[in-house]
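Report on the structure given below.
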Amino acid sequence: QVQLVESGGGLVQAGGSLRLSCAASGRSFSTYAMAWFRQAPGKEREFVGTISWSGSATSNLDSVKGRFTISRDNAKNTVWLQMNSLKPEDTAVYFCAARRSLRVGARSSDYDYWGQGTQVTVSS
């Protein structure tokens, strides 16, 4: 069983930055693919990006490419989402997810464990 706890959300002005953290419990973190999703009010959960167990493969949603970066430190059981040049349309609850696989995925159903989410609000 893996527990995921996100932190780092908040209110920021457009053009600002936030760094979200996801701390994972459990001994197998280094073998899990990790991902970030987001869900805006009234919308479906949306894939943001993913990172492989080694950190060597990442893929991001087109609308966040060049602005968001995912990284991880297996020794710290932590994955981060660095968000720069934030826009009001980035406002959402951001979720961290873990997949019991060395391979990454882009669908919610690919992931086995989820955090509770952290709110990100970008004001114009």
Taking side-chain contact (heavy atoms from CB on, under 4.5 Å) as the criterion, tell me which of Thr118, Val5, Val79 meets it with Cys22.
Val79

Atom pair [atom1] ([X]) and [atom2] ([Y]), whose distance is rounded to the nearest 0.5 Å:
X: Ser52; Y: Arg72; atom1: OG; atom2: CZ; answer: 7.0 Å
X: Cys96; Y: Trp80; atom1: SG; atom2: CH2; answer: 11.5 Å
X: Ser30; Y: Leu102; atom1: OG; atom2: CG; answer: 9.0 Å
X: Trp53; Y: Arg103; atom1: CH2; atom2: CZ; answer: 15.0 Å
X: Asn77; Y: Ser28; atom1: CG; atom2: OG; answer: 9.5 Å

Looking at every non-hydrogen atom in both residues, tell me the closest pair between [X] and [Y] and how far apart they are.
X: Gln119; Y: Thr91; value: NE2-CG2, 4.0 Å
X: Trp114; Y: Ser108; value: CZ2-O, 3.5 Å
X: Gly105; Y: Tyr111; value: O-OH, 2.6 Å
X: Asn74; Y: Phe29; value: OD1-CE2, 3.3 Å

Is [Y] reachable from [X] through a run of I, L, V, M, F, W or Y residues, each pair having side-chain heavy atoms under 4.5 Å apart?
X: Leu81; Y: Leu61; result: yes
X: Ile51; Y: Met83; result: yes
X: Phe95; Y: Val2; result: no

NZ/NE/NH1/NH2 to OD/OE distance under 4.0 Å, Asp112 and Arg99:
no

In a table with atom names and distances, give each donor-acceptor pair under 3.5 Å that connects a side chain of residues 8-20 to protein atoms at least two apart or in another chain.
| unit_1 | atom_1 | unit_2 | atom_2 | d |
| --- | --- | --- | --- | --- |
| Ser17 | OG | Asn84 | OD1 | 2.9 |

Taking atom CD of Gln82 as the centre, does the number of heavy atoms from other residues, nucleotides or ligands within less than 6.0 Å exceed 12?
yes

Main-chain N/O of [Y] paired to [X] side chain as donor or acceptor, under 3.5 Å:
X: Glu6; Y: Gly117; answer: yes
X: Ser21; Y: Ser7; answer: no
X: Thr50; Y: Met34; answer: yes

Checking Tyr32 now: which residues fulfil side chain to side chain donor-acceptor pair (under 3.5 Å) with it, not counting sequence neighbours?
none

Please output the side-chain donor-acceptor pairs of residues 35-47 that fall under 3.5 Å, not counting sequence neighbours, one pair per line with the distance.
| unit_1 | atom_1 | unit_2 | atom_2 | d |
| --- | --- | --- | --- | --- |
| Arg38 | NE | Glu46 | OE1 | 2.7 |
| Arg38 | NH1 | Asp90 | OD1 | 2.9 |
| Arg38 | NH1 | Tyr94 | OH | 3.0 |
| Arg38 | NH2 | Glu46 | OE1 | 3.3 |
| Gln39 | NE2 | Lys43 | O | 3.1 |

